[in-house]
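Structure record follows, encoded as C-alpha cells.
Residue numbers begin at 1 in each chain, while the letters A, B, ... track the order of the sequences.
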Amino acid sequence: MENLKITTFSSMASLWSKISPVLPANEDQFPLQFSDKVELSVVEMLQRSRKQLYSDITSSSRLLNAQIILDISWEKLNTGTWRHVDKEWRRVYSYGCFFKVAALCCESPSEDKILEAVRTCDMGLIMGAAIMGDILQVIVRILQSHIRTLNSTKEEDESERAEVKRIKIESPLVSAIKEELAVPRIRCPSLESFKTNYLLPLKPVILEGIIDHWPAFNKHPWSIEYLRSVAGCRTVPVEVGSRYTDEDWSQTLLTVNEFIDRYILNKDGVKALGYLAQHQLFDQIPELKDDIRLPDYCCLGEGDEEDITVNAWFGPGGTVSPLHQDPQQNFLAQVVGSKYIRLYSPEDTGKLYPHQSQLLHNTSQVEVENPDAERFPEFAKAPYLECVLQPGDVLFIPVLHWHYVRSLELSFSVSFWWS
Amino acid sequence: MRWFGFGFNAFGQIRVQEKSGRGESSSAPHQVKVTHPAELSCHVDKSGCCLKTSQIRVSWSRRASLHLDGDSCLNLAGFGESVSSEDCDRIETWDLQKREKSPSWSMDIKTHAEGSDVNLPLVPGGYIALKTPLYCTLPGHLKARSLALGAEHAVLLTATGAVYSWGLGSHGQLGHGLLTSEEEPRVVEALWGMPMTRVATGGWHSACISDGGDLYVWGWNESGQLGLPSRGLRKSQQKSSQQTGELCYDTSTPADEKLKEEEEHEDVFISIQAFPALLDVSPSCEIQTVSCGSRHTAAVTTTGDLYTWGWGEYGQLGHQTVTSSDEPQRVEFFRAEQMRVLDVVCGTWNTFAAAVKEEVACAENSTKCTC
C-alpha cells in the first residue's frame, strides 16, 4: 500500500515538472504586448498574473486573477459580431486560459483538475488566438499524455464494444439509388483528367481509391475506441437538434467522451440528435491530422495550401445538413459509415427557394426528402444527382453546387474546402 | 446620504485594503470580491471637511464621485491616478488611457440658458459616446430627456415618455422583437402609449420604468439578468454543485441522466427576450430607480428596498454570496441596518447604493433628495 501511494504521488508531482520547462524562464522573458485596443486596466491584470506565475502565491489566488482576465475578455468576445471581434481580445482570452491552466496544475492536481485544465486549453484553442508559440497546444499535449499514464491500467470496456456492434447491425439499409440519377464514379483519375472532365466543367463525381493510403484506414483505423483514446477528454462544439434551420437547434460544448456517450451510444436516453459538425478538429488534435492527407487534386486550385479548410463531421445515423451551397470547391471524404447525398446544380437555384434572410441565403427552404409541394411547387422539377457515399469514397462537390446530406448510420467524414 | 458598494474591487474602486501597521507601501492586493456591502469612505477636502457624494458613475476599473458642496470636485477611485478638475462651464471628455493634460473633446455650455440642461451623456444637440467619434448628434424632434449607453446599444427616453433604441441587436437588447441592428433611433413600439420615466442599459440588456412604477426588461438573459428563468444559469449551477461535491470527497458523480431529467421538468427558459417584458420584482411594489451592470440588474422600490438579480460571481448582487440568480432578491443588509435605499448605480461588475437611516428618511420626507 505504501509503495502504491509513493508511485501515485510522484506521477502527480511530476506534472508541473513537465509543464514548467515550456514556460518562459522568468518575468523578463515573458512579453505581454497588446495594441491600444486593450485597456491598460486589463493589461494590469495580465501583469499581475504574470507576476504570480513566478511567485509562490496559492493556486486559488492565481485562479481568481486568471478568472478576471477570462471574464472581461469573454465579455469583449461577445460584443459585436464574431467576425469583428478584435484579435487582440482573443489573445487576451488565451492568456486567461493559460494562467488558469498554470494555476490548476501547480499544486499536485487531481485527475479532475487536470481534465479541467484540458477543457480550459480547448476553450483557448477554440475561442482564443494563438499566443506564445501556441503554448496551449503544447500544454494540452503534455496534459493528455500525463492522463494516459495515469489511466494506463484501465481495461477496455467490453460492454461498449458490444454496444457499438449493436448499433452497426441495427442501422437502416442502404437507400436505393436510381441508376440514371447516380453521381458518376471514377477510380484514381489522373490530375489532368479530373481537371478536364470534372473541375473545369464543374461536374460532381465520386473519386474512388484516392484515400486508401490514409492511416485512418490502415495504421490507426478510426473507431469509437480510437477516438476516445486520442481525443476523449477534449472539448468540441456540438450541434444539437434535427437541422440548423430548426428553431430548437443549438450549439453546445462537450468533451468527445460526453458526445459519444450521449449522442452516439445514447447512454442517458436522450432523444435529440447531436452532430459534431463543421469543426476544425484536426487543428485542435494533431494526432488526428496525422491520420489524414490533403487530396493531391487540391493543387489544381489557385489558393494556397494553408488556406484549405479541413472540417470534421462526426455523428450518429440520422444527422441532416439541409440543402445548401458553399463558396468553395469541396472534397468530402467518407471514413466511417455511409451518407445519402443529393446534389443540385446552381443553374436550378430558381427552383430551390433559398431563404431571403442574409444569414440563411445560402440555404434552401425545402426539406429535400419531404418537400412541401404546395409551398415549393417548382422543386419537383429540379434535376438532381444522388449517391450513397461509402468509406473510402471522396465526393467532389463543385463550388456553389447545392448539396443535401443525411447520415445513414454512425458516420465520420472529412471535408476539404479549397479554391 | 451614505454610499455603499459591493462586488468587483480588484482595483480598490470600492474599498482600499487597509495598510499593514508597519507603514509599508500598500502592496497588499485589494480584496477582489466585496461580498458584504462596504460603506464608501467619504472624501475629505482641504479644510478637513467631509464632502457629501452627490453622484457616482462606475466603469469596470474605476469609480467617479461627484461632490457638489463647497468647492465642487470630481474624484476617481480605482485603476490609475486621481484626476482633479476645476469649475468650468464646459463639458469635457478626458481619455484616461492617454494621460494627456488636456481634454480630448470639449464644448462650452451657456448655463441657465433655455435648453442647456445637460443630462450626461446627453449634451446640447446630441450625446457623448463611449468611443470615437465622441460627439454624436441626435435628431432634434426626439426631445431627448435621458440616454443610457450599453456595450453596443443605446436606449433613449424622450420628454413625452417614449423609448427609442438603436445599435447592435443580436441579443434582443433593442426590444423590437428582432435580432437585427438599427442604425438610427427606432421607437420601441411595444411600450408605445405607456409613458416611461427612466431607462437603463447593461452589457446586452435594457430596462425601463413606467410612471406607474412598473419595470420592463428585455435583451440577453444568459445569467438571469432579466429576472426570467435562465437555462444557462441552472446548468452552470448544477455543474458547480457537482464540482463542490467532488471537493467533499463524494465519490459518486451525479450522472448526466439526473441533469437531463431535471431540465425536462422545468418551465420554459428564456435566453433572449426580444420584446419588453413586465417583471414582477416583488409583489405590490413600485419601482423608483433601475440600473444595470454588464450582466446584472439592480432596482430600488418606492419603499426604500434594493433588489438585485443576474450575474453575481463577484458579489455584485449584495447577498453576501458569489452566486448568480435569475430571481429578484432583496438586499437584506439595508433592512438589517434600518436603512432606506434612495438610489442605485451599477458598474460593470459591482453595485453602489445610496441610503439613509430610516429615521432620517422620515424627517426629511418632504425634502427628500432625489439625485
Query raised in the report: Who wins among B:Val32, B:Thr180, B:Leu168 for the most heavy-atom pairs under 4.5 Å with chain A?
Result: B:Val32
Query raised in the report: Heavy-atom distance under 4.5 Å to chain A: side chain of B:Thr348, backbone, both or neither?
Result: side chain
Query raised in the report: Is it true that B:Phe79 and B:Trp60 have ring centroids separated by less than 6.0 Å?
Result: no
**Report entry** Part of B:Ser61 lying under 4.5 Å from any heavy atom of chain A
**Finding:** side chain
Query - Single hit among B:Arg295, B:His171, B:His205 for side-chain hydrogen bond (donor to acceptor under 3.5 Å, both in side chains) with B:Glu222 - result: B:Arg295
Requested in this report: Kindly assign one of parallel, tilted or perpendicular to the pair A:Phe314 and A:Phe259, based on the angle between their ring planes and the thresholds 30° and 60°.
Outcome: perpendicular
Query - Among A:Val42, A:Asn65, A:Thr81, residue most engaged with chain B (heavy-atom pairs, under 4.5 Å) - result: A:Val42
Query - With A:Thr363 via side-chain hydrogen bond (donor to acceptor under 3.5 Å, both in side chains) - residues at least two apart - result: A:Tyr244
